[in-house]
*Asks:* 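Got a structure here, written out as structure tokens. Questions coming.
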Amino acid sequence: MQHRNHLGDINTVHQVKLIDKGVVDIPMLQIMQPDGSIHSDATMPEISQELAVKMYRTMQFIRVLDERMVAAQRQGRISFYLASTGEEAASVGSAAALSDKDMIMSQYREQGALAFRGYTTEQFMNQMFSNEKEPNKGRQMPIHYGAKELNFMTISSPLGTQIPQASGYAYGQKMAGEEAVTICYFGEGAASEGDFHAGLNMAAVLNCPAIFFCRNNGYAISTPAEEQFAGDGIASRGLGYGIKTIRVDGNDIFAVFEATRKAREIALAENCPVLIEAMSYRLAAHSTSDDPTGYRSKDEEARWHAKDPIQRLGNWLAAKGWIDPAEDEKYLAAKRAEVLDELKRVEKVPVCSIEHIIEDVYDTPPWHLQEQLQELKDHIRKYPDAYPKTASRVKE
Amino acid sequence: MQHRNHLGDINTVHQVKLIDKGVVDIPMLQIMQPDGSIHSDATMPEISQELAVKMYRTMQFIRVLDERMVAAQRQGRISFYLASTGEEAASVGSAAALSDKDMIMSQYREQGALAFRGYTTEQFMNQMFSNEKEPNKGRQMPIHYGAKELNFMTISSPLGTQIPQASGYAYGQKMAGEEAVTICYFGEGAASEGDFHAGLNMAAVLNCPAIFFCRNNGYAISTPAEEQFAGDGIASRGLGYGIKTIRVDGNDIFAVFEATRKAREIALAENCPVLIEAMSYRLAAHSTSDDPTGYRSKDEEARWHAKDPIQRLGNWLAAKGWIDPAEDEKYLAAKRAEVLDELKRVEKVPVCSIEHIIEDVYDTPPWHLQEQLQELKDHIRKYPDAYPKTASRVKE
Amino acid sequence: MAKMNLLQAINSALISAMTQDERVMVFGEDVGHFGGVFRATSNLQEKFGKARCFNTPLTEQGIMGFANGLASQGSVAIAEIQFADYIFPAFDQIVNETAKWRYRSGGQFSVGTLTIRTPYGGGIAGGHYHSQSPEAYFAHTPGMKIVVPRNPYQAKGLLLASIRDDNPVLFMEPKRLYRASVGEVPEDDYELPLGKAEIVKSGSDITLLAWGAQMEIMEKAAEMAEAKGVSCEVIDLRSILPWDVETVATSVMKTGRLLISHEAPLTGGFASEIAATIQKHCFLYLESPIERVCGLDTPYPLAHEKEYMPDHLKVFEGIMRSVNF
Amino acid sequence: MAKMNLLQAINSALISAMTQDERVMVFGEDVGHFGGVFRATSNLQEKFGKARCFNTPLTEQGIMGFANGLASQGSVAIAEIQFADYIFPAFDQIVNETAKWRYRSGGQFSVGTLTIRTPYGGGIAGGHYHSQSPEAYFAHTPGMKIVVPRNPYQAKGLLLASIRDDNPVLFMEPKRLYRASVGEVPEDDYELPLGKAEIVKSGSDITLLAWGAQMEIMEKAAEMAEAKGVSCEVIDLRSILPWDVETVATSVMKTGRLLISHEAPLTGGFASEIAATIQKHCFLYLESPIERVCGLDTPYPLAHEKEYMPDHLKVFEGIMRSVNF
Ligand SMILES: Cc1ncc(C[n+]2csc(CCOP(=O)(O)OP(=O)(O)O)c2C)c(N)n1
Ligand SMILES: Cc1ncc(C[n+]2csc(CCOP(=O)(O)OP(=O)(O)O)c2C)c(N)n1
Ligand SMILES: [Mg+2]
Ligand SMILES: [Mg+2]
């Protein structure tokens with residue numbers, strides 16, 4: 001093979017040789033079969049009962065949360081929601097293979113990773129109700145989480161921006177001598193943004209210990225993958241950047257775990273990025289603003305329902321005797337109740353007081369923002385009925 | 001192989017399989033050896049004597065033009081110049097394989113393609129002196145050519161922007177039913193821009209008959225290719241986009257010709273883009289503002305001087321008996337004289353009159369620009385000595 | 001005439017344009033079969049085929065690069081940016097390329113046949129990434145035209161004019177009004193002039209100037225002020241670039257007062273340009289300082305959206321400040 | 001003290017910052033071994049190693065994305081954009097990310113340790129892609145600070161303050177002055193305040209306001225005006241965002257007149273914000289309309305650069321228009 005990142009001599013051919021996508025085969029790692037059994041020639045990663053059950057329960061919790069919050073949105077209790085149904089194994093399995101010191105930079109469909117890190121039901125609720133208890137101070141739309149203490153970077157809506165950012169963050173970790181990597185999640189749609197290209201190329205050239213984790217779930221809102229790219233998925237791009245790449249069955253949590261574990265090991269040992277493409281399917285609508293019936297068939301959805309990642313791990317755990325299937329319903333019921341209780345409790349928590357409107361624009365509010373706040377407060381005091389969320393708390 | 005642009009089933013492996021750049025070998029097409037002889041197992045493209053000599057003379061002309069204009073810049077006669085020394089075969093060879101109807105969108109180091117299309121010495125001079133005879137009206141820095149009648153899009157300085165533009169242009173040609181493609185030239189440095197990613201991906205997905213022609217000349221100003229990317233050149237990226245790709249020896253004009261001819265054929269027949277990576281070396285300084293002695297060795301330069309593309313074709317032509325080497329010096333001397341004569345003549349041509357300062361911002365100058373022009377003219381009339389280029393021609 | 005909401009008016013304009021000229025193409029994220037996330041491009045793919053109305057990959061810089069190339073070829077390119085908040089990755093293609101294409105080529109080439117459609121503005125609980133009003137970022141860019149309609153009738157006529165104008169036009173659609181604003185719209189093809197403001201209501205004490213969704217607010221505030229005996233002249237600027245200084249200046253010379261309002265942050269918003277120009281043109285006529293009632297100098301908030309918005313009460317207060325100066 | 005040109009002052013500031021804090025990193029196109037196309041980063045790689053001063057691939061959006069991530073991690077990121085004309089591919093990363101990072105996370109995360117350095121402005125025969133002054137594009141963006149020095153002394157002190165300020169700063173360097181402006185600069189570390197304008201010369205008849213390379217022009221015009229008996233107060237704004245309204249307003253209340261000048265096109269330039277604000281603050285003090293002497297509303301020309309520029313003659317004419325109003 002030829003490295004063309006130098007100017008040395010290079011092998012020649014004397015007839016046109018077209019390189020086309022057919023030349024490389026990028027199969028997908030699968031350890032656990034759709035029925036929950038392990039491939040006979042697969043090496044199971046070392047996973048304790050405690051960890052396996054935690055992975056399972058986290059997926060179940062997320063499934064419950066997603067269902068309840070979609071319903072809550074329909075009832076008008078929150079303005080927006082976005083479920084990860086069908087893709088829980090991708091985010092939970094990858095998060096499980098990380099260290100808590102690793103930074104997570106996510107897109108928006110990785111609630112599983114966040115829950116795995118320990119984000120509580122109450123924290124989820126606070127964020128979705130944009131209330132004053134939320135560390136992001138109610139500034140972002142529902143599902144745009146962020147938690148410094150969990151090393152989970154606050155989510156940004158503009159797609160793809162976190163990709164070169166992850167390269168920079170990882171570079172900083174390396175310079176600081178931390179034994180930590182940055183994992184960056186994104187969809188196959190976001191991978192079309194210029195920032196994807198910039199981020200992966202820079203990570204490769206600047207030797208950044210980052211894991212680029214693409215959730216290829218077949219759709220970007222209504223746009224199917226075949227209108228998004230013409231190559232062999234996102235994995236085939238790794239080659240062009242000189243980035244080691246693993247394609248994995250995104251609905252097989254063990255495969256996801258193992259790929260991520262391996263990627264982390266390589267990233268740290270070799271100070272380099274690794275690309276993972278997890279093949280999965282967005283069983284849910286894109287978000288509560290979307291209705292997929294207009295752009296895909298029930299048939300297609302049914303095929304992927306059959307590959308449900310939670311069921312798959314459940315089967316394995318049950319066969320192993322690590323869970324009692326009878327407990328499942330109890331756990332789900334308890335989580336449903338917990339979510340509903342928190343929801344009811346949290347929806348009464350007020351939003352931040354008006355003082356916060358000018359905070360965090362700068363490290364401290366400059367004089368002009370203080371002036372604008374003062375004017376605003378005077379105005380609210382004059383028309384308290386028009387600003388019910390804040391008026392009662394406006395101080396001099 | 002697996003296409004991941006659908007959601008069908010996919011082959012699996014049960015152990016982690018890392019895909020790394022080593023897995024594909026992308027050799028480089030070479031037809032003519034550095035000494036000018038043809039590889040015995042190569043198929044020579046059909047090239048008439050007339051065409052071969054035109055290619056040769058165009059390269060020679062560009063070499064002369066570059067030398068003279070670098071000197072002119074040193075003398076302070078023009079403000080800026082940028083030579084293509086060492087890379088003449090890449091632009092001339094590719095342009096020779098095109099139809100005149102094909103649109104050329106270039107970066108800035110493709111004066112060879114422009115000269116091949118018929119741009120005259122006088123036209124080159126007019127542009128470099130930003131004078132009133134220049135169709136771009138003296139609005140752009142030297143070397144930013146543009147010629148509608150030659151289907152040569154006006155060059156833009158911001159790097160990479162022409163790449164997605166070429167996809168759009170080609171799409172338009174296809175929709176208009178034209179038997180024509182768009183060729184888009186860019187450097188390996190510009191290929192790091194997000195626009196590269198967007199442009200190639202869109203061309204692949206939207207089936208645009210475009211040829212993306214990367215001149216990999218080892219440097220982007222001072223930045224060597226190994227600090228630009230870590231993959232196997234730019235060619236290896238074609239795979240990720242599902243774009244048919246050819247790597248070619250950029251100093252072998254026959255290989256460049258044949259690759260481009262083939263690419264054009266495929267682009268038109270299959271309505272798809274083709275990527276060509278031409279391996280070459282920027283023998284010149286980046287531009288007259290640059291001095292490469294600070295960042296690369298004389299040795300390295302010498303190795304590439306030995307691969308001079310003009311010499312190579314000259315040897316072939318001489319062996320073939322299609323040129324008389326004795327004519328060479330005459331031709332060069334004539335061209336040198338022509339360039340100098342035009343230079344002297346053209347440097348006296350005035351710049352556009354002041355009226356043009358507000359033109360072409362919009363289709364017709366809106367009232368506010370007319371007002372600004374009026375004020376400016378009044379001002380120039382008041383201080384004619386301060387604006388010597390335009391004052392004498394300011395009308396009421 | 002038919003009753004249409006603003007989305008339907010946009011859709012009707014696109015159908016008109018595509019029917020009349022087969023070089024017209026519509027593209028962007030999700031605009032194809034799905035008809036766009038707001039459904040402005042509904043049925044276009046069915047009617048005109050996949051080659052003329054198509055999804056693009058998810059890349060705004062790519063969409064605008066592609067659009068520039070397509071327009072320079074002579075096709076009529078109508079590119080959608082899904083939210084104005086996501087236009088920034090395309091900023092270079094717009095500001096350095098679209099706007100300078102004709103100029104740099106001495107008029108040899110142009111992208112005059114390009115129109116960029118994008119939904120903008122707040123009031124939909126969208127927070128700082130689904131509520132921005134970025135008109136001022138583009139208004140500093142010679143070579144662009146910028147147009148903002150206030151209702152369905154204006155939307156169809158201005159969009160058709162934008163598509164056919166031989167200059168690149170950024171057409172910003174007030175998404176808060178997409179379904180909320182309903183009105184009579186001719187089913188036939190018609191155009192409204194670019195670069196011309198419209199006096200929506202005559203008055204004598206103060207001129208109120210805005211555009212797009214903010215026009216509703218101005219009218220509401222004007223009613224409040226009229227109840228206090230203040231006669232308001234309400235103007236819809238309609239075109240941000242080039243803008244109609246004459247209509248505004250003539251009005252201000254009559255009323256002696258000017259209030260401008262937009263949702264975008266105060267500092268560097270387009271109201272600043274208007275104020276700077278009008279204080280010069282109307283210096284001797286101004287009876288009080290020009291008022292700007294705008295968004296705060298913060299990102300667009302979520303929980304405090306209501307407080308942030310330059311609503312009718314703030315505009316009303318501004319009017320009273322101005323007349324009581 | 002040592003005599004330095006503006007480039008040397010920048011280089012000296014970078015050396016100071018990198019010596020004092022090992023978390024400081026400098027990167028961008030060609031800034032490594034080569035020292036940058038203008039040589040502002042000369043010898044940094046030799047002194048501090050390739051890990052702390054390095055070339056990036058050629059991608060401004062990547063540079064700024066990387067810089068955002070690096071700064072959010074706690075490193076001190078100094079990113080160079082080779083020319084301000086090429087900052088637009090990074091517009092999204094700056095406007096949507098850099099500027100909103102702290103806000104959207106409720107202060108949990110920030111990129112306060114980020115500084116973006118970029119050479120701007122005309123007068124170097126660079127045409128429309130090597131001459132732009134894009135400060136106004138960024139000035140409409142809450143969360144950013146924008147700083148422009150006028151000479152070597154200012155450059156070093158303001159750059160060090162920018163690097164250490166806990167907010168992202170866009171530091172724009174007047175490239176026309178890189179070698180042309182020479183002055184005494186302390187070799188030691190020092191900082192000059194952000195957000196504060198400086199009165200460069202006191203006067204009583206008119207206030208002249210500008211920043212960066214334009215300050216030279218103002219001083220030259222002021223001399224011409226003084227010769228005609230007009231006493232000029234000359235102010236260097238230094239920080240475009242947040243800007244020092246108080247110093248400017250106080251001056252205008254004294255002089256009664258204001259002229260603002262920048263190279264960027266008139267429409268939507270930062271002079272508009274200043275004019276809009278000052279006409280409000282100083283309404284009863286203004287004796288003539290606020291004058292803006294700026295670039296034309298066209299791309300920056302090449303052949304007609306001299307004619308386009310707001311030179312001392314145009315500023316002088318503006319002064320006389322103002323005092324003779
Ligand atoms: C820059 C930008 N453009 C457009 C959008 C609107 N948008 C939100 S999600 C989405 C689709 C993303 O698809 P993908 O990356 O595949 O992630 P998935 O939703 O499938 O998880 C789009 C277009 C955005 N948020 N940011
Ligand atoms: C967007 C942008 N960034 C930076 C520059 C400054 N610049 C001009 S040429 C150049 C290097 C380009 O290298 P490459 O693409 O390899 O082309 P080559 O000069 O080798 O032919 C740079 C950085 C630019 N013109 N545009
Ligand atoms: Mg997706
Ligand atoms: Mg190069």
Side-chain angles (χ1 to χ4, degrees), chain C residues 60-61 85-96 99-100 103-104 127-129 132 134 136-143 240-243 260 264-284 286 288-292 295-299 301 325, chain D residues 60-61 85-96 99-100 103-104 127-129 132 134 136-143 240-243 260 264-284 286 288-292 295-299 301 325:
Chain C
E60 292 75 14
Q61 69 189 114
D85 310 70
Y86 304 138
I87 202 168
F88 301 127
F91 205 74
D92 186 55
Q93 279 287 351
I94 298 173
V95 161
N96 263 343
K100 298 179 173 59
Y103 178 84
R104 73 183 177 213
H128 50 292
Y129 291 131
Q132 294 177 60
Y137 285 119
F138 296 95
H140 187 41
T141 312
I240 307 288
L241 199 70
W243 66 286
I260 315 151
L266 178 82
T267 298
F270 198 66
S272 65
E273 176 58 38
I274 298 170
T277 299
I278 294 301
Q279 66 85 27
K280 176 143 193 214
H281 274 71
C282 306
F283 189 74
L284 297 175
L286 280 172
S288 64
I290 299 168
E291 284 285 334
R292 293 183 288 164
L296 271 63
D297 281 322
T298 71
F325 182 78
Chain D
E60 293 75 13
Q61 69 189 111
D85 311 71
Y86 304 138
I87 202 168
F88 300 127
F91 204 73
D92 186 55
Q93 281 286 351
I94 298 173
V95 161
N96 264 342
K100 298 179 174 59
Y103 179 83
R104 72 181 177 215
H128 50 293
Y129 291 131
Q132 294 177 59
Y137 285 119
F138 295 95
H140 187 40
T141 312
I240 307 289
L241 198 70
W243 66 285
I260 316 150
L266 178 80
T267 298
F270 198 67
S272 65
E273 176 58 39
I274 298 170
T277 299
I278 294 300
Q279 66 84 28
K280 177 144 193 215
H281 274 71
C282 307
F283 189 73
L284 298 174
L286 280 171
S288 64
I290 299 168
E291 285 284 335
R292 292 183 289 164
L296 271 65
D297 281 323
T298 70
F325 181 75

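Values below: every heavy atom of this structure, side chains too, minus hydrogens, waters and symmetry copies. Below, chains carry the letters A, B, ... as their sequence lines are ordered, and counting in each starts from 1. It should be emphasised that the depicted structure is a prediction, and the values quoted were computed from it without experimental measurement.
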*Asks:* So do the side chains of D:Val95 and C:Tyr137 get within less than 4.5 Å of each other, counting heavy atoms only?
*Replies:* yes
*Asks:* Output the option from D:Phe325, D:Phe138, D:Trp243, D:Phe270 having the highest count of non-hydrogen pairs under 4.5 Å with chain C.
*Replies:*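 Counting heavy-atom pairs under 4.5 Å, the top option is D:Phe325.
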*Asks:* Tell me, out of D:Ala271, D:Gly268, D:Pro289, who's got the most heavy-atom pairs with chain C below 4.5 Å.
*Replies:*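 Greatest number of close heavy-atom pairs with chain C: D:Pro289.
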*Asks:* Below 4.5 Å from any heavy atom of chain D, which atoms of C:Gln61 appear? Answer side chain, backbone, both or neither.
*Replies:*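 For C:Gln61, side-chain heavy atoms alone lie under 4.5 Å from chain D.
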*Asks:* Please determine, among C:Ala275, C:Ala90, C:Gly143, C:Gly269, the option with the most heavy-atom pairs under 4.5 Å with chain D.
*Replies:*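 Option with the greatest count: C:Gly269.
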*Asks:* D:Gln132 versus chain C, heavy atoms under 4.5 Å apart: side chain, backbone, both or neither?
*Replies:* side chain
*Asks:* Check C:Ala264 against D:His140 and note the closest heavy-atom contact, atom names and distance.
*Replies:* CB-NE2, 3.7 Å
*Asks:* At their closest point, which heavy atom of C:Thr267 faces which heavy atom of D:Ala139, and how far apart are they?
*Replies:*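 Looks like CG2-O, 3.6 Å.
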*Asks:* With a 4.5 angstrom heavy-atom cut-off, could you sort out which part of C:Leu286 is near chain D: side chain, backbone, both or neither?
*Replies:*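 For C:Leu286, backbone and side chain are both near chain D.
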*Asks:* Can you tell which part of C:Leu241 gets under 4.5 Å to a heavy atom of chain D, answering side chain, backbone, both or neither?
*Replies:*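 The side chain, not the backbone.
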*Asks:* With a 4.5 Å cut-off on heavy-atom pairs, point out which of D:Glu291, D:His281, D:His128, D:Gln93 contacts chain C the most.
*Replies:* D:His128
*Asks:* With a 4.5 Å cut-off on heavy-atom pairs, point out which of D:Thr141, D:Ile278, D:Ile260, D:Leu296 contacts chain C the most.
*Replies:* D:Thr141
*Asks:* Got a second to check how far C:Gln279's CD is from D:Phe283's CZ, nearest 0.5 Å?
*Replies:*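 C:Gln279 atom CD to D:Phe283 atom CZ measures 10.0 Å (nearest 0.5 Å).
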*Asks:* Please report the shortest heavy-atom distance between C:Thr298 and D:Pro142, naming the atom on each side.
*Replies:* N-CG, 3.5 Å
*Asks:* With respect to chain D, which residue among C:Tyr86, C:Phe91, C:Tyr103 yields the maximal number of heavy-atom pairs within a distance under 4.5 Å?
*Replies:*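 Option with the greatest count: C:Phe91.
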*Asks:* Is C:Pro134 in contact with chain D via its backbone, its side chain, both, or neither, using a 4.5 Å heavy-atom distance?
*Replies:*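 Nothing of C:Pro134, per the 4.5 Å heavy-atom cut-off to chain D.
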*Asks:* By a 4.5 Å heavy-atom criterion (distance strictly below it), what part of C:Phe88 contacts chain D: side chain, backbone, both, or neither?
*Replies:*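 Contact with chain D involves both backbone and side-chain atoms of C:Phe88.
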*Asks:* Could you tell me whether the side chain of C:Thr277 reaches within less than 4.5 Å of the side chain of D:Arg292, counting heavy atoms only?
*Replies:* yes
*Asks:* Look up atom NZ in C:Lys100 and atom OH in D:Tyr129, then write down how far apart they are to the nearest 0.5 Å.
*Replies:* 6.0 Å
